[in-house]
Amino acid sequence: MAKRVEAANVTAYYGGFKAIENINLTVEPKTVTALIGPSGCGKSTFLRSINRMHEVLPGARVEGNLTIDGQDIYDRDVDVTAVRRMIGMVFQRPNPFPTMSIFENVVAGLRLNGVRRKSILEESAEKALRSANLWDEVKDRLGKPGAGLSGGQQQRLCIARTIAVEPQVVLMDEPCSALDPISTLAIEDLMFQLKDKFTIIIVTHNMQQAARVSDRTAFFSIEKTGDPGRLIEYDNTQKIFSNPAQKKTEDYITGRFG
Amino acid sequence: MGDTPQRSAHAGTGGTGVATSHEQPAGASARAAERFGNPGRPGGDLGGGGGLPRARAFGAERAFRGLTMAAGTTVLVIIAAIAIFLIAKAVPALRANTESFWTFEGWFPNDDPPKFGIGALAFGTVLSSLLALFMAVPVALGIALYLTHYAPRRLGNGLGFLIDLLAAVPSVVFGLWGRDYFAGPVADLSAWLHTYFGWIPIFGDGPYGSSILLGSVVLAIMVLPIVTSLSREVFRQTPTANEEAALALGATRWEMIRTAVLPYGRPGVIAAVMLGLGRALGETIALALTLGSTYAISFNILASGGNSIAANIANRFAEANDTGRGALIASGLVLFAITLIVNITARAIIYRRREFTESAA
Ligand SMILES: Nc1ncnc2c1ncn2[C@@H]1O[C@H](COP(=O)(O)OP(=O)(O)OP(=O)(O)O)[C@@H](O)[C@H]1O
Ligand SMILES: [Mg+2]
């Protein structure tokens, strides 16, 4: 089930602006990989290239090679919706569908996949909400609007929505930035569980979190504003946090950046 | 969209290490404030150790409040004055009417004894407006979605501008065009409809010409730009985050529109349709030129005939005597009531789902 993600010379543009340049990295199946780096270094951009969400923005494009288990996801013949179904994504800001109930939000992806049976939908919704540590808080008000939840609850709702369709790779863009420490721990637990089946790539600004949850860590950085982001170092998390090969990585991790 | 507390980014995520590094700048800025005293407020009379400053008895705040309140009251007074005037004119005519105002099919208020009924006019008004919306709304929504979500941006803006221009064409132009050029094709269409779909009662026999169908098509063209440009505004405001959420779940573009754009835009679209309906109900000159000015209730939309309250007022005002004017004013009051009901219904529809749209609106 879990897939290997390989990026080779990935470069992404916003119109004329080159946001990331020549990213090479391989994410092994059933691992958690953390992307860290200063703000604006292109972590989100890289993440969005992996499920082809980058190209949604007008003028945005990706060059280079991105494969999932050897299959080129930017191949002309590949159905982009199939790619996105296989590679789920949790965004930096919670974005539940404002017009939908909590339940409908969670099953939105299943409905898009053509699941109609009420019993299946209910079962999957409960499972996903439990995994996202939200079930107890919302089980009595599944029919209420998703936008009526707190920010942290909304983010967990979005996580539930993403994992309800059981994607093979889960991309998370700072999923915990709006969460309290308890929910954060719950999400981290969730990542440990998901790792059994899925490949997980997470962007985080929280060093402790990266150290806690990830197997491997990729450090991105930029020379100066306006320059494209580059991958500085990519290694086992343990190595990155104890004995990084690059001086820049060490500076960033110890808080001496910039 | 209600911006949820998502901005509290990074708060409470980290362990102790992060917390201490946050304390530093906070303390630093506090120290800075101490050093510079209270720079934004010279003068010294504010917050200078004593009590809080007293509310000013006569400030811009109060003046402005008085002004807005006066404006609001003026509107109410004007509305009340108009209503009183209209009712005062209408009541004597209604008293003089020797037939039932609601059911009589005919309009002879200038005769002695006066005979007139609103039934056929109200029927024609509602029927032509609904037909117009039935034709215009799907097209308008299609155009709006195309402009916002399919067309290249330049093309979208250009076409949008053209559509807005269409809204600026005076209705008399539409009316003349409908009567002089469009009546022919519509008559051909009517004959065709009757031949092949004659078994549906609304597609009855001729003579074809100035029919409800012609009036409705012209009305449809007139409400199209309003509904299109309002829906376009509404669709354009769909939060990108929601569109992306749908796409990231593997939605095709149309599925994305169905899951994110349409539900989000629903109240706005309803409002747009209601504005279109309001315009159609009140449309005067275009219908006066294209309808047959008869006073019979008929579901046959192809045959010459049909009438509407506003068109009838335009056609008959010049020849009307005192009772005649009163009768026309009474019909105007009925039109007002119809419009009011439409608006209240629209509000009720929007209100019923407010729980889901409040945060969205
Ligand atoms: N929609 C956009 N249009 C143009 N430039 C963009 C857009 N989004 C991001 N950028 C630019 O691309 C660069 C990388 O942005 P990105 O969002 O990937 O950074 P990030 O590493 O995720 O930062 P953060 O940690 O703050 O989320 C930045 O210089 C940013 O200004
Ligand atoms: Mg980011």
Side-chain angles (χ1 to χ4, degrees), chain A residues 48 51-53 56-58 80-101 105 108-113 144-152 154-155 158 161-162 165 167 171 174 176-181 183-184 204-209 212 255, chain B residues 1-22 24 149 151-154 156 237-268 353-361:
Chain A
R48 289 166 60 94
N51 68 341
R52 292 190 62 173
M53 282 303 290
V56 166
L57 298 166
V80 56
T81 63
V83 170
R84 294 186 191 139
R85 261 161 229 227
M86 194 162 69
I87 311 173
M89 175 160 213
V90 177
F91 290 81
Q92 194 160 357
R93 297 196 188 132
N95 54 358
F97 297 117
T99 55
M100 289 187 192
S101 66
N105 260 291
L110 293 165
R111 282 204 197 282
L112 286 172
N113 280 325
K144 292 268 183 270
L149 297 174
S150 76
Q154 286 187 20
Q155 187 62 307
C158 293
R161 180 176 66 188
T162 303
V165 289
L171 310 175
E174 295 184 49
C176 301
S177 61
L179 299 190
D180 65 289
S183 305
T184 302
T204 178
H205 277 292
N206 181 330
M207 296 304 136
Q208 285 84 357
Q209 182 170 58
R212 277 194 302 264
Chain B
M1 198 174 101
D3 237 351
T4 42
Q6 58 192 248
R7 310 253 174 226
S8 61
H10 317 309
T13 41
T16 44
V18 175
T20 44
S21 76
H22 272 189
Q24 181 77 29
H149 286 89
R153 190 172 290 187
R154 282 251 185 82
Q237 276 164 18
T238 319
T240 321
N242 287 321
E243 296 181 355
E244 290 194 340
L247 290 175
L249 286 171
T252 61
R253 194 170 289 221
W254 169 238
E255 286 169 336
M256 180 271 279
I257 287 174
R258 259 184 12 213
T259 28
V261 180
L262 291 180
Y264 182 85
R266 218 182 83 118
R353 299 258 312 169
R354 82 193 178 288
E355 197 180 24
F356 283 89
T357 47
E358 215 156 51
S359 48

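Side chains included, hydrogens not; waters and symmetry mates left out as well; all remaining heavy atoms used. In what follows, every chain begins at residue 1, and chains take the letters A, B, ... in the order their sequences are listed.
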If you tally heavy-atom pairs under 4.5 Å between each of R48(A), M89(A), Q209(A) and chain B, the highest tally belongs to R48(A)
Which region of R153(B), side chain (C-beta onward) or backbone (N, CA, C, O), has a non-hydrogen atom less than 4.5 Å from a non-hydrogen atom of chain A, or is it both or neither? side chain
Contacting region of L57(A) [heavy-atom separation from chain B under 4.5 Å]: side chain
Among residues at least two apart in sequence or on other chains, which ones pass salt bridge (charged side-chain N to carboxylate O under 4.0 Å, His left out) with E243(B)? none
Using 4.0 Å as the upper bound for N to carboxylate O, is an ion pair formed by R85(A) and E255(B)? yes
Minimum-distance pair of heavy atoms, taken over all atoms of A245(B) and N95(A): CB-ND2, 3.4 Å
Give the minimum heavy-atom separation between L112(A) and A251(B), together with the two atoms involved. CD1-CB, 3.7 Å
In Å, rounded to the nearest 0.5 Å, how long is the span from OG1 of T99(A) to CG of L262(B)? 10.0 Å
Going through the distances and angles, do L247(B) and R52(A) end up as a side-chain contact (heavy atoms from CB on, under 4.5 Å)? CA-CA 10 Å; L247(B) 290 175; R52(A) 292 190 62 173; over 6 Å; no
Using non-hydrogen atoms and a 4.5 Å limit, figure out which bit of F97(A) sits close to chain B: side chain, backbone, both or neither. both
Looking only at heavy atoms, what is the nearest atom pair of T81(A) and G250(B), with distance? CB-O, 3.4 Å
What one should report as the nearest heavy-atom pair of T259(B) and M100(A) is O-CE, 3.6 Å
